[in-house]
Amino acid sequence: MEFITIPCHESLRPFIRNYWMLSAHCTASGTQQIFSNGAASLHFYLSQDIRIDDGDRRYRTALFHQNIQKVGVVSEEGAFEIFGAEFVPFCSHVFFPKEMTGIYASPEDLHDEEFIMLGKNIHEAESTEQRTEILDDFFLRRLAQFPEGDINIERLSDVFDNIIPIDGSAARPPYNQNEFSPTDLASTACLSQKQFTRVFNKYVGMNPKSYLRLLRFHKALMEIQTTSDSTSLTNIAWSCGYYDLAHMASDFRDICGFSPSELIRQGQELTEAFGQKFSGLMKKKIKIENLV
């Protein structure tokens, strides 16, 4: 399995973390369990269509809006290639302003003719370099059409610079609800709690409380991966703002499908939400079955 990241055009970097390419081979049909890193992404399934959570519908191109809970991507035996783009958490709205009703949306769902043509062009391209040029062109055109001085983008930029700065530093991680809360975020945005929740939902795809819950999970996950001692899990739970170890274990199962001790046994590096490694390179995959 090979995962590579590809830089986007420099004018797009305030809004798009990176493009990426995943190439693998499925030795059998299976479900890849993925969990959110808090950023929407655009997926082009180049080698085979996929299904979501054993549903009947197949996707070839889809906008993936983040949610607090895990999603199962069902793939078949054979080549498994995905080309994609990952957005800065509140910036997919810049390029796809139409409201989504679910986690996944095809170009047809959004009734977006330019998006439909983008999918066609990406699938017909013969190389990653061509796909990168096509995406750059599409996003630059959309960026030129976006109203300058969008006050909500500016507000959310201030909010996110407080919790996960784009420069990679980890500022004020949400250790507990008293120290860092949705009320704090609303105050930073100079909005009432109700107004801020509406804006946050529209631009990020989940409410502020769920996003802080997701960040707490990633903070705990980062600390868990530095220890091989299960007895220290209680201390990690307390330090990251959980009531107790049972609370943390329940939260982990909801978000990623594994308990903290199961993740220690897996021994994989799964988060880049905090610290100097933060750059959008985090693979959302937590359990990859039958892929080589």
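All values reported here derive from a predicted model rather than from experimental measurement.
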TODO: Take atom CD of E10 as the centre, draw a 6.0 Å sphere, and report whether it contains more than 12 heavy atoms from other residues, nucleotides or ligands.
DONE: no
- [ ] Nearest 0.5 Å please: distance from the CG atom of L143 over to the CZ atom of F139.
- [x] 10.5 Å
TODO: Could you list the residues that satisfy ring pair (Phe, Tyr, Trp, His ring centres under 6.0 Å) with F252, not counting sequence neighbours?
DONE: F217
- [ ] Go through the structure and list residues passing salt bridge (charged side-chain N to carboxylate O under 4.0 Å, His left out) with K98, not counting sequence neighbours.
- [x] none
Open item on the list: Between S157 and E154, is there a side-chain donor-acceptor contact under 3.5 Å, judged purely by atom types and distance?
Closed with: no
Open item on the list: Under a 3.5 Å cutoff, is there a donor and acceptor pairing between the side chains of N235 and S232?
Closed with: no
- [ ] Keeping the roles fixed (side chain from S239, backbone from I236), state whether a donor-acceptor pair exists under 3.5 Å.
- [x] yes
Open item on the list: Would the distance check show the side chain of R51 and the main-chain N or O of G55 forming a donor-acceptor pair, the cut-off being under 3.5 Å?
Closed with: yes
- [ ] Calculate, to the nearest 0.5 Å, the distance between atoms OG and CZ belonging to S47 and F83 respectively.
- [x] 14.0 Å
Task: Exam field: side chain S187 to backbone T183, donor-acceptor pair closer than 3.5 Å - done: no
Open item on the list: Centroid separation under 6.0 Å, is that true for the rings of F87 and F15?
Closed with: no
TODO: Could you tell me whether D251 and R213 make a salt bridge, using a distance below 4.0 angstrom between a side-chain N and a carboxylate O?
DONE: yes
Open item on the list: Please confirm whether the ring centroid of F160 lies under 6.0 Å from the ring centroid of Y203.
Closed with: no
Open item on the list: Here's a test for you: under side chain to side chain donor-acceptor pair (under 3.5 Å), which of T132, D136, T5 qualifies with Y19?
Closed with: D136
Open item on the list: Please confirm whether the ring centroid of H43 lies under 6.0 Å from the ring centroid of W20.
Closed with: yes
TODO: With the side chain counted from C-beta on, respond yes when L22 and I4 share a heavy-atom pair under 4.5 Å apart, and no when they do not.
DONE: no
TODO: Flag the pair D137 and R142 as a salt bridge only when some basic side-chain nitrogen lies within less than 4.0 angstrom of an acidic carboxylate oxygen.
DONE: no
Task: Gap between atom CG of L118 and atom CG of L42 - 0.5 Å precision - done: 6.5 Å
Open item on the list: If only side-chain N and O atoms count, and only distance matters, is there a donor-acceptor pair under 3.5 Å linking E86 with N37?
Closed with: yes
Task: Aromatic contact, Y104 with Y59 (centres under 6.0 Å) - done: yes
Task: I6 CD1 to L135 CG distance, which is reported to the nearest 0.5 Å - done: 9.0 Å
Task: Greater than 12 external heavy atoms within 6.0 Å of E126's CD - done: no
- [ ] Mark yes or no for whether E223, through its side chain, and A220, through its backbone, hold a donor-acceptor pair below 3.5 Å.
- [x] no
